[in-house]
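What follows is one structure encoded as structure tokens, with my remarks underneath.
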Amino acid sequence: QVQLVESGGGLVQPGDSLRLSCVGSSEISLAYYGVGWFRQAPGKGREGITFIHPSDESTKYANSVKGRFTVSKDNADNTVYLQMDSLRPEDPSVYYCAAGHPTMWAIMEEYDTWGQGTQVTVSS
């Protein structure tokens with residue numbers, strides 16, 4: 001079964017860091033897929049926050065996370081990471097990874113495969 005599994009969410013304080021992981025099943029090699037990270041807060045739409053290209057590993061970031069979040073990948077482990085630093089009170093959401101071949105990386109309909117999400121909570 002083709003699937004993505006996110007992990008690494010949790011409860012942190014403002015200014016703390018978290019690293020999320022997105023692991024692909026054996027049926028999907030993330031080396032050949034673009035991977036985006038999205039987040040969705042309660043009552044809001046799903047926001048695309050970052051993307052990593054499969055071939056040259058170039059990256060894209062939403063303005064809301066630029067300079068604080070870093071996306072990377074380890075093809076050997078079939079894993080894409082999201083390093084989140086300087087977390088803010090406005091960052092809490094369910095974070096999702098998605099794989100596909102998007103022409104517009106921040107549009108969720110451009111992706112074929114989604115993970116189940118991992119919750120990130122920021123509270124003092």
- Leu18 with Val65, same ILVMFWY side-chain cluster at under 4.5 Å: yes

- Could you pull out the closest heavy-atom pair between Asp85 and Ser17, with the gap in Å? OD1-OG, 2.7 Å

- Item | Single-linkage hydrophobic cluster Ile52~Ile28, side-chain heavy atoms < 4.5 angstrom | yes

- Please lay out, stage by stage, how Leu20 and Thr118 fare under the test side chain to side chain contact (heavy atoms under 4.5 Å, CB included). CA-CA 8 Å; Leu20 306 184; Thr118 185; 4.0 Å; yes

- Sort and list the pairs that fulfil salt bridge (charged side-chain N to carboxylate O under 4.0 Å, His left out) and have at least one residue in residues 49-63, not counting sequence neighbours. none

- Item | salt bridge (charged side-chain N to carboxylate O under 4.0 Å, His left out) partners of residues 91-111, not counting sequence neighbours, each pair once | Arg39-Asp91, Arg68-Asp91

- Message: Rounded at 0.5 Å granularity, tell me how far OG in Ser123 sits from CD in Gln13.
- Response: 8.0 Å

- Check: Leu4 and Leu30 side chains under 4.5 Å, non-hydrogen atoms: yes

- Message: Would the distance check show the side chain of Asn75 and the main-chain N or O of Asn78 forming a donor-acceptor pair, the cut-off being under 3.5 Å?
- Response: no

- Message: Please find the pair of heavy atoms, one from Gln40 and one from Ser93, that lie closest to each other, and give the distance.
- Response: O-CB, 3.5 Å

- For Glu47 and Ala62, which heavy atoms make the closest approach, and how far apart are they? OE2-CB, 4.4 Å

- Answer yes or no: is there a side-chain heavy-atom contact under 4.5 Å between Val71 and Val80? yes

- Item | Nearest-0.5 Å distance that lies between atom OG in Ser72 and atom CG in Leu82 | 8.5 Å

- Item | Closest non-hydrogen atom pair between Pro14 and Ser124, with its separation | CD-N, 3.8 Å

- At what distance, to the nearest 0.5 angstrom, does SG of Cys97 lie from CD of Gln116? 7.5 Å

- Minimal heavy-atom distance between Pro92 and Thr121, with the atoms involved, is CB-CA, 4.2 Å

- Message: With rounding to the nearest 0.5 angstrom, report the CG to CG distance, Leu87 to Asp16.
- Response: 7.0 Å

- Task: Kindly compute the distance separating CE (Met84) from OG1 (Thr70), expressed to the nearest 0.5 Å.
- Result: 11.0 Å

- ring pair (Phe, Tyr, Trp, His ring centres under 6.0 Å): which pairs involve residues 8-39, sequence neighbours left out? Tyr33-His101, Phe38-Tyr111, Phe38-Trp114

- Message: Quick one, Ser58 with His53, criterion side chain to side chain contact (heavy atoms under 4.5 Å, CB included). Give me CA distance, side-chain angles, the key distance, then yes/no.
- Response: CA-CA 5 Å; Ser58 58; His53 196 277; 3.4 Å; yes

- Please answer: with hydrophobic residues joined when any side-chain heavy atoms are less than 4.5 Å apart, are Val94 and Met108 in the same cluster? yes

- Do Thr113 and Gln3 have side-chain atoms, one donor and one acceptor, less than 3.5 Å apart? no

- How many angstroms lie between CD1 in Ile49 and OH in Tyr95, if you round to the nearest 0.5 Å? 5.0 Å

- Query: Is the side chain of Tyr96 donor-acceptor paired with the backbone N or O of Glu6 at a distance under 3.5 Å, no angle test?
  - Reply: no

- Item | ILVMFWY network linking Tyr81 to Phe69, side-chain heavy atoms under 4.5 angstrom | no

